[in-house]
Amino acid sequence: MDVSSKRLTGWLRGPATGNSPIGVYGLVTAMVAVFLTYSIVATVSVVGPLLSTTAIALLSVGVWLVTWAVLDVVASRTIRESGD
């Protein structure tokens with residue numbers, strides 16, 4: 001295990017080991033992603049039957065949940081591998 005992975009494992013074992021901090025990290029990542037792609041989402045939502053605000057809200061929640069799940073899996077695998 002190199003130095004950077006040890007540092008990452010120590011960081012994950014710190015205050016960010018619970019489900020809630022991982023969810024907050026996922027929320028911040030989703031907010032940045034939706035902010036960066038807002039014009040594309042607003043343009044595409046006009047084509048569909050949804051209101052643009054509804055489409056943006058649904059997309060934001062979806063991106064947040066997927067990001068949360070991915071970060072949770074990565075964190076649990078990193079912590080599990082460091083214990084071996």
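Residue numbers count from 1 along this sequence. In this text the structure is predicted, and so the values were computed from the model without any measurement.
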**Asked** In the hydrophobic clustering (ILVMFWY, side-chain contacts below 4.5 Å, transitive), which residues join Phe35, or is it alone?
**Response** Val32, Leu36

**Asked** What is the distance from atom CG of Leu27 to atom CG of Leu65, rounded to the nearest 0.5 Å?
**Response** 10.0 Å

**Request:** Show which residues join Tyr38 in its hydrophobic cluster (side-chain heavy-atom contacts under 4.5 Å, direct or indirect), or state none.
**Result:** Val34, Val41, Ile56, Leu59, Val63

**Asked** Hey, does the side chain of Trp68 reach the backbone of Tyr25 with a donor-acceptor pair shorter than 3.5 angstrom?
**Response** no

**Message:** Ignoring hydrogens, what is the shortest heavy-atom contact between Ile22 and Asp72? Give both atom names and the distance.
**Reply:** CG2-N, 3.6 Å

**Request:** Specify the closest pair of heavy atoms between Ser60 and Ala30, including all atoms of both residues, with the distance to one decimal.
**Result:** O-CB, 4.2 Å

